[in-house]
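Read the numbers this way: they start at 1 and go in the same order the structure lists the ligands and their atoms.
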Amino acid sequence: MNDIKAIAAKFPIEGKPLEYSQIKSGHINQTYLVTTDTGVKYILQWINQYVFPNVNAIMSNMSAISSFLRGEGQGKMAMISYIDTLDGHNYYDDGEGGAWRIYRFVDNSVCHMRAESSEDFYQSAKAFGGFQYALRNFPADSLEETIRDFHNTVDRYAKFRAAIEADECGRLESVRPEVEFALKREEQACRLHRMREEGRLPVRATHNDTKINNVLMDKDSGKAICVIDLDTVMPGLSAYDFGDAIRFGASTAAEDETELDKVHLDLELFRVFTKGYLEACPSLVESEVEALAQGAYTMTLECGIRFLTDYLMGDKYFSISREQHNLDRCRTQFKLIEDMESHWDEMEEIVKQEDSCVHCLQTLEK
Ligand code: GN1
Ligand code: MG
């Protein structure tokens, strides 16, 4: 067990660390809220180096993005700033393979594990759309890929096949229906990646992990303050950001719900997010807008495959708290995919309608 207070004291923080509590929100890193004797609070994070072997790449991406936002995007998008260690490094290496970093807790902020109202979801759309908009002129290619092939669906399928082939935990027989489900949809799932490769969609600096709990909201006003968890900011497609947010936030149930009857795509939430995202990011080109619904499909299927691959490989990547946790997660994603397939035309229609609403408003404002 790491001495969290001692680690926090490696950074120039205000006061002496008094107590801490773990915030259980992500599946990868470990996050702690540290309170000092002055009452000032900090967020201390342990970076999982199995997932992020190149911590320097993460920190350098983050500093490039912050300085860009402080310059060109100034005032438009708030961002958390990490604090260097007392000896001037941008993270603390504990000598046991652990990398730690800290930032000051944003007062009066909260992050929701799920949208408690459609307004919350709308606010998260404003935040992620605003983030994309603020970075529209950022040179995406200058960013490092913090996880290689992160949303390369073709590669995700290759890794999935390798896990099937190896079947290292002897779990394959029990997940045949899920495996068949995923393989049957490979072409459709990989469509966006192919479009990216063919240059039919612009590559942007994207967040790539746009769950609603990666947005800080003001406790009183309910308005979005900023997006957090920037470890996966790298070159990507706007449809990934849109799609991942839908995958997580427009579902009627939790990502690990075991009663699949409760899992649906909520089309009203889909609409609310589409509206907020398009309003906040008017710089998307036509092909990007047309790819949004496909983004939701791709990100949901890809995430389901990632959970299934990890289940086959013995749960090495995503943290779990019960034996079939990753399989349960995979099943909710596939249930959402079935729902998307039966409501595909409506999804596309919603995107079209919301896009023309945004255009109408822009014309009126001119
Ligand atoms: C992971 O740890 P968290 O919740 O921020 C994962 C995302 C998945 C998500 C599924 C670096 O994000 O890609 O969509 O779990 N992050 C990484 O809930 O793999
Ligand atoms: Mg994350």
Side-chain angles (χ1 to χ4, degrees), residues 22-32 43 45-55 57-59 61-62 80 99 101 111-115 124 127-128 131 143-153 155-156 159-160 163 189 192-193 206-216 226-237 239-251 253-257 263 295-311 313 315-322 325-337:
Q22 189 168 2
I23 301 175
K24 295 217 170 209
S25 62
H27 303 335
I28 311 285
N29 295 331
Q30 282 169 24
T31 307
Y32 302 87
I43 296 289
Q45 266 193 319
W46 171 85
I47 307 173
N48 177 336
Q49 291 187 77
Y50 173 75
V51 171
F52 294 107
N54 190 350
V55 181
I58 297 181
M59 300 311 281
N61 278 358
M62 223 149 329
I80 46 162
R101 61 185 178 192
C111 71
H112 300 296
M113 294 306 140
R114 301 191 51 184
S124 76
F128 286 121
F131 182 75
L143 290 172
E144 299 202 44
E145 252 194 317
T146 57
I147 299 177
R148 189 172 305 152
D149 293 316
F150 190 55
H151 287 317
N152 176 345
T153 319
D155 187 69
R156 291 288 179 190
K159 290 183 174 128
F160 175 48
L192 274 187
H193 184 73
T206 47
H207 183 283
N208 297 304
D209 186 8
T210 49
K211 303 205 272 200
I212 187 169
N213 61 13
N214 283 331
V215 179
L216 291 186
C226 64
V227 306
I228 54 171
D229 192 5
L230 305 174
D231 303 333
T232 51
V233 171
M234 55 184 137
L237 302 178
Y240 298 159
D241 278 4
F242 175 88
D244 195 50
I246 295 297
R247 169 193 84 71
F248 189 81
S251 170
E255 190 184 58
D256 60 355
E257 175 61 60
V263 184
Y297 188 91
T298 298
M299 295 309 290
T300 308
L301 194 44
E302 183 190 281
C303 197
I305 288 165
R306 292 173 63 198
F307 289 141
L308 188 53
T309 304
D310 200 32
Y311 182 70
M313 291 175 65
D315 310 304
K316 295 182 184 130
Y317 188 98
F318 297 104
S319 65
I320 53 165
S321 44
R322 54 178 189 259
H325 212 160
N326 273 319
L327 180 57
D328 293 338
R329 290 170 177 151
C330 157
R331 288 181 172 149
T332 61
Q333 304 308 291
F334 290 177
K335 178 70 196 303
L336 286 173
I337 284 293

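Numbered from 1 in the order shown, with element, the atoms of ligand 1 that lie under 4.0 Å from a heavy atom of Ile28 read 1 (C), 2 (O), 16 (N), 17 (C), 19 (O). If you number the atoms of ligand 1 from 1 as listed, the ones under 4.0 Å from a heavy atom of Tyr317 come out as 11 (C), 17 (C), 19 (O). Near Asp229, with a cut-off below 4.0 Å to any heavy atom, the atoms of ligand 1 are 5 (O). Those atoms of ligand 1 with a heavy atom of Ile147 less than 4.0 angstrom away are 11 (C). Contact atoms of ligand 1 toward Phe307: 10 (C) (distance under 4.0 Å to a heavy atom of the residue).
Inclusion of Asn29 in the set of residues having an N or O under 3.5 Å from an N or O of ligand 1 is not warranted. Ligand 1 has an N or O atom lying under 3.5 Å from an N or O atom of His27, backbone or side chain. Looking at ligand 1, you won't find any N or O of Gly26 less than 3.5 Å from one of its N or O atoms. Of the N or O atoms in Ser25, none lie within a sub-3.5 Å distance of an N or O in ligand 1. In terms of polar-atom proximity, Glu255 is counted as a contact of ligand 1, with an N or O under 3.5 Å from an N or O of the ligand.
Look at Asp231 and you'll find every heavy atom at least 4.0 Å from all atoms of ligand 1. Distances shorter than 4.0 angstrom occur between a heavy atom of Phe150 and an atom of ligand 1. In this structure, Arg306 counts as a contact residue of ligand 1, since one of its heavy atoms falls inside 4.0 Å of the ligand. Residue Met299 places no heavy atom under 4.0 Å from ligand 1.
Using modelled atom types, one finds a donor on one side chain and an acceptor on the other under 3.5 Å when comparing Glu302 with Thr153. A donor-acceptor pair shorter than 3.5 Å cannot be found between the side chains of Asn208 and Asp244. Residues Glu255 and His27 bring a donor and an acceptor atom of their side chains to less than 3.5 Å of each other. In this model, a donor atom of one side chain and an acceptor atom of the other lie less than 3.5 Å apart for Asn152 and Asp149. Of the N and O atoms on the side chains of Asp315 and His325, not one donor lies less than 3.5 Å from an acceptor on the other residue. Side-chain atoms of Thr31 and Gln45 include a donor-acceptor pair closer than 3.5 Å.
When the heavy atoms of Asp209, Thr31, Ile228 are ranked by distance to atom 7 (C) of ligand 1, first place goes to Asp209.
Residue Arg247 touches ligand 1 through its side chain alone, judged by heavy-atom distances below 4.0 Å. Contacts between Phe52 and ligand 1 below 4.0 angstrom, taking non-hydrogen atoms only, involve the side chain exclusively.
With sequence neighbours excluded, no residue forms a side chain to side chain donor-acceptor pair (under 3.5 Å) with Glu257. Every ring-ring contact (aromatic ring centres under 6.0 Å, His included) that Phe128 has, sequence neighbours left out, goes to His207.
Across all their heavy atoms, Ala57 and Glu144 have their closest contact at CB-OE1, 3.7 Å.
The main-chain N or O of Asp241 is never found under 3.5 Å from a side-chain atom of Thr206 such that the two would form a donor-acceptor pair.
Taking a cutoff of 4.0 Å between a charged side-chain nitrogen and a carboxylate oxygen, Arg306 and Asp310 do not qualify as a salt bridge.
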